[in-house]
Amino acid sequence: MDFAYGPERNHLFVPGSTNIPEHVIPITTLTKTLLDDVKKIFKTVYGISFLIPTTGIESALTNTMSPGYRTISFLIGQFSLLWIEQQKRLNFKVDVVESEWGQGANLEAICIVHNETTTGVTNNLTKYQHPALIIGDAVFSIGALDFRMDEWGVDVVVTSSQKALSLPTGMGIVCAGPKAIENGYLKCYNLGTYWPYTPSIPLLYGLRAALDLIFEEGFENVILRHKRLTKATRLAVEAWGLKNCCQQEEEWYSASVTAIIVPPNIDNGEIVSRAWKRYNLSLGGGLNKVAGKVFRIGHVGNLNELQLLGCLAGVEMILKEVGYLLKLGSGVAAASAYLLNNVPLIPSRI
């Protein structure tokens with residue numbers, strides 16, 4: 001039920017949360033708008049969204065399955081490995097199908113990472129149909145890549161605050177479809193209170209601002225912007241004579257991160273270290289099986305084309321500095337030539 005208005009202030013003397021200053025928007029109203037708007041970036045009408053002070057992964061697993069349940073998971077990178085380890089700690093019976101890192105899953109999985117940031121691979125879920133419960137890790141997808149929960153038949157999707165939404169860490173966002181919903185947490189929803197614990201108010205305000213920015217730009221425009229950034233990055237990598245860690249067709253390439261294989265004679269750690277020490281440029285190193293073999297450029301969230309070109313220029317200088325033979329400006333030129341003909345006018349300024 002909705003809160004009913006009474007004259008003057010409500011005299012709040014529960015043991016927390018405390019009274020909120022009058023100029024601050026009521027949290028119940030804020031929460032409802034957030035829960036409704038979060039569904040838009042998951043592209044779901046039937047799902048119910050949850051904001052959780054965690055990564056969201058454990059919540060998605062423990063609220064849909066019990067110890068002893070059998071799952072199938074594909075091991076294609078570090079973050080799919082973390083999914084598998086979490087399931088084992090929860091005493092699930094996990095059948096692990098391991099693929100070469102840099103390959104995508106062949107989509108027979110129940111628990112699947114949509115966008116594997118270790119290798120820059122995005123699994124294609126558009127043709128996936130399975131009668132079992134489908135749980136997806138979209139931590140590096142939601143808010144940047146096209147993810148269609150209802151259309152693809154995904155039952156539970158997990159993302160988090162610190163990736164494409166460009167928020168501080170600390171908030172897991174879970175969206176659960178009808179097949180995955182059971183009573184429990186929903187009691188708070190039905191009462192209109194929404195929270196069975198004290199939420200992080202600053203993160204809620206941050207999420208409200210982040211969603212407003214996404215909708216102001218236009219969510220489809222956000223998706224297209226990320227596609228432009230990854231295409232420009234791949235063209236730069238090709239111009240440098242280097243290879244993408246993703247070993248499959250272009251449709252598998254991640255639109256939020258590019259993992260670049262370094263030649264055997266080049267120290268991967270030195271690239272990342274010198275970028276930070278000399279140019280204040282933060283790049284990602286390789287993880288687990290690709291540690292020392294790749295470095296990663298993240299192009300996700302609150303980022304535009306000129307910022308990316310600055311990053312690519314810095315990478316070129318670092319590559320030259322660590323002894324890799326390339327022509328300075330080659331990658332930037334390739335990326336610029338593509339962006340010159342593909343960056344649209346900013347809609348709000350037309």
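Side chains are part of it too, since the values below use all heavy atoms of this structure and drop only hydrogens, waters and symmetry mates. Just so it is clear, the model here is predicted, and its values are computed rather than measured.
Counting non-hydrogen atoms of neighbouring residues, nucleotides and ligands closer than 6.0 angstrom, the NZ atom of K88 reaches no more than 12 such neighbours. For NZ of K320, the number of neighbouring non-hydrogen atoms (other residues, nucleotides, ligands) closer than 6.0 Å is greater than 12. In the displayed structure, F215 atom CZ is contacted under 6.0 Å by more than 12 heavy atoms of other residues, nucleotides or ligands.
We find the CG-OG distance between L51 and S161 to be 10.0 Å, quoted to the nearest 0.5 Å. In this structure, the separation between CD1 on I297 and CG on L229 is 11.5 Å, given to the nearest 0.5 Å. Annotation: the span from C245 atom SG to Y253 atom OH amounts to 10.0 Å, rounded to 0.5 Å. For the atom pair D212 CG and I214 CD1, the distance stands at 9.5 Å (nearest 0.5 Å). The CZ atom of F140 sits 9.5 Å away from atom CG of L145, with the distance rounded to the nearest 0.5 Å. From E217, atom CD reaches atom CG of N302 across 9.0 Å, with rounding to the nearest 0.5 Å.
A salt bridge does not link E238 with K243: every distance from a Lys NZ or Arg NE/NH1/NH2 to an Asp or Glu carboxylate oxygen is 4.0 Å or more. Under a 4.0 Å N-O distance rule, the pair K289/E98 qualifies as a salt bridge. A salt bridge links R278 with E321: at least one charged nitrogen is closer than 4.0 Å to a carboxylate oxygen.
Between the E316 side chain and the V332 main chain, a donor and an acceptor come within less than 3.5 Å of each other. At least one donor-acceptor pair closer than 3.5 Å links the side chain of Q307 to the backbone N or O of N304. Between the side chain of R225 and the backbone N or O of E305 there is no donor-acceptor pair closer than 3.5 Å. The closest donor-acceptor contact from the side chain of R296 to the backbone of G285 lies under 3.5 Å. Looking at T230, its side chain never comes within 3.5 Å of a backbone N or O of K227 through a donor-acceptor pair. Under a 3.5 Å cut-off, the side chain of K39 and the backbone N or O of S49 do not form any donor-acceptor pair. Not a single donor-acceptor pair under 3.5 Å links the side chain of D155 to the backbone N or O of K179. Without hydrogens or angle criteria, D150 side chain to V45 main chain gives a donor-acceptor distance under 3.5 Å.
Looking at D95 and S73, their side chains never bring a donor and an acceptor atom within 3.5 Å of each other. Checking S282 against W276 by side-chain atom types alone, no donor-acceptor pair falls below 3.5 Å. Using modelled atom types and a 3.5 Å distance limit, the side chains of R234 and T258 yield no donor-acceptor pair.
Looking at heavy atoms from C-beta onward, R208 lies in side-chain contact with L30 at the 4.5 angstrom threshold. The closest side-chain heavy-atom distance from R89 to Q86 is below 4.5 Å. Side-chain contact check for L165 versus L207: some heavy-atom pair is nearer than 4.5 Å. With a 4.5 Å cut-off on side-chain heavy atoms, N288 and T118 do not count as touching. Side-chain atoms of N268 and K293, non-hydrogen and from C-beta on, never get closer than 4.5 Å to each other. Using a 4.5 Å heavy-atom threshold, the side chains of I173 and V38 count as touching. I271 places a side-chain heavy atom less than 4.5 Å from the side chain of V262. Side-chain atoms of I48 and I181, non-hydrogen and from C-beta on, do get closer than 4.5 Å to each other.
H299 and T233 make their closest contact through CD2-OG1, 3.5 Å (heavy atoms, listed as atom of the first residue, atom of the second, distance). The two residues N115 and S256 come nearest to each other via the heavy atoms ND2-OG, 2.7 Å. Of all heavy-atom pairs between A335 and L312, the closest is CB-CD1, 3.7 Å. Summarising the geometry of I135 relative to M65, their closest heavy-atom pair is CD1-CE, 3.5 Å, with the distance given to 0.1 Å. Between P168 and L203, the closest heavy-atom pair is O-CD2, 3.8 Å. In this structure, S336 and L309 approach most closely via the heavy-atom pair OG-CD2, 3.6 Å.
Linking Ile, Leu, Val, Met, Phe, Trp and Tyr whenever their side-chain heavy atoms come within less than 4.5 Å puts L281 and L306 in one cluster. No single ILVMFWY cluster, assembled from side-chain heavy atoms under 4.5 Å apart, contains both I261 and I318. I41 and V300 are members of different hydrophobic clusters when ILVMFWY side chains are connected at heavy-atom separations under 4.5 Å.
For W240 and Y324, the distance between ring centers is not under 6.0 angstrom. Taking the six-membered ring for Trp and the full ring otherwise, the centers of Y189 and Y194 sit less than 6.0 Å from each other.
Legend: side chain to side chain donor-acceptor pair (under 3.5 Å) pairs involving residues 133-146, not counting sequence neighbours, sorted by first then second residue: K43-D146, W83-D137, H114-S141, D146-R148.
In the hydrophobic clustering, where aliphatic and aromatic side chains (Ile, Leu, Val, Met, Phe, Trp, Tyr) are joined below 4.5 Å either directly or transitively, L345 groups with I350.
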Exercise. Can K231 and Y338 be said to form a side chain to side chain contact (heavy atoms under 4.5 Å, CB included), step by step?
Worked result: CA-CA 8 Å; K231 178 69 172 180; Y338 165 74; 3.4 Å; yes
For this session: Dump the intermediate steps for side chain to side chain contact (heavy atoms under 4.5 Å, CB included) on E116 and T119, then the final yes or no.
Result: CA-CA 6 Å; E116 178 56 72; T119 55; 3.7 Å; yes
Problem set entry | Audit row: F295, V315, side chain to side chain contact (heavy atoms under 4.5 Å, CB included) steps and yes/no | CA-CA 10 Å; F295 70 95; V315 171; 3.9 Å; yes
Exercise. Where do L204 and M171 land on the side chain to side chain contact (heavy atoms under 4.5 Å, CB included) test, with the steps shown first?
Worked result: CA-CA 9 Å; L204 294 183; M171 179 186 290; 3.8 Å; yes
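Screening V139, V257, T117 for a side chain to side chain contact (heavy atoms under 4.5 Å, CB included) with K163, the sole residue that qualifies is V139.
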